[in-house]
Amino acid sequence: MRFETSDWVQGRTSNGELIQGFIEHIDSLEGIVTVQVIKSDNEDSVGKPTAVREHWIKKIPEDAPLNAQQLLSMIDLALATRDEAWFIELTDQLQAVKLLDNYDSRNKNNAKHSRLTSFI
């Protein structure tokens, strides 16, 4: 598979850790990709670059919706790079995700309540 710097990927490390993050560097000759880990089942790996074999990872589709944790990580990057426009775009997306999460949780609670009241 062909990867590019900044692609969002997920996969496993040589230690079997599940990781998600973005590509920082590619060594095509060795088939090694350096991934900045944003999410992992090993908390110690989060926020650190990790070298992974190309065939152990796959791209996350670009049209896949970002979750709150991914957006927060990207907001940190926008702050670190002092990219105000990107920061505003990401915080708007984060607000939308939080609104949807709140809406979904309220609807689930209302659905439970509706089922209970139908038996009463």
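Please read all numbers here as calculations on a predicted model, not as lab measurements.
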Run the side chain to side chain contact (heavy atoms under 4.5 Å, CB included) test against [X] and tell me which residues pass, sequence neighbours left out.
X     : value
Ser40 : Glu17, Ile19, Val37, Asn42, Ser45, Val46
Arg53 : Ile32, His55, Trp56
Trp8  : Phe22, Ile38, Ile60, Met74
Ala68 : Leu94, Val97

Taking side chain as C-beta onward, heavy atoms only, is Thr91 less than 4.5 Å from Phe87?
yes
Is any side-chain heavy atom of Thr34 less than 4.5 Å from a side-chain heavy atom of Ile23?
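The answer is no; the side chains never approach within 4.5 Å.
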Let me check something: do Leu72 and Leu77 share a hydrophobic cluster, defined by ILVMFWY side-chain heavy atoms less than 4.5 Å apart, either directly or through other members?
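They do share one cluster, since a chain of ILVMFWY contacts under 4.5 Å joins Leu72 to Leu77.
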Which pairs pass side chain to side chain donor-acceptor pair (under 3.5 Å) with one or both residues in residues 18-33, sequence neighbours excluded?
Gln10-Gln20, Gln20-Gln70
Quick note, salt bridge (charged side-chain N to carboxylate O under 4.0 Å, His left out) partners involving residues 38-49, not counting sequence neighbours, are none
Can you tell me how far apart CG (Asp92) and CG (Leu71) are? Round to the nearest 0.5 Å.
10.5 Å
side-chain contact (heavy atoms from CB on, under 4.5 Å), that's the test. Do Val33 and Ile57 meet it? Break it down for me.
CA-CA 9 Å; Val33 175; Ile57 58 172; 4.1 Å; yes
Do any N or O atoms from the side chain of Asp7 and from the backbone of Glu4 form a donor-acceptor pair under 3.5 angstrom?
yes
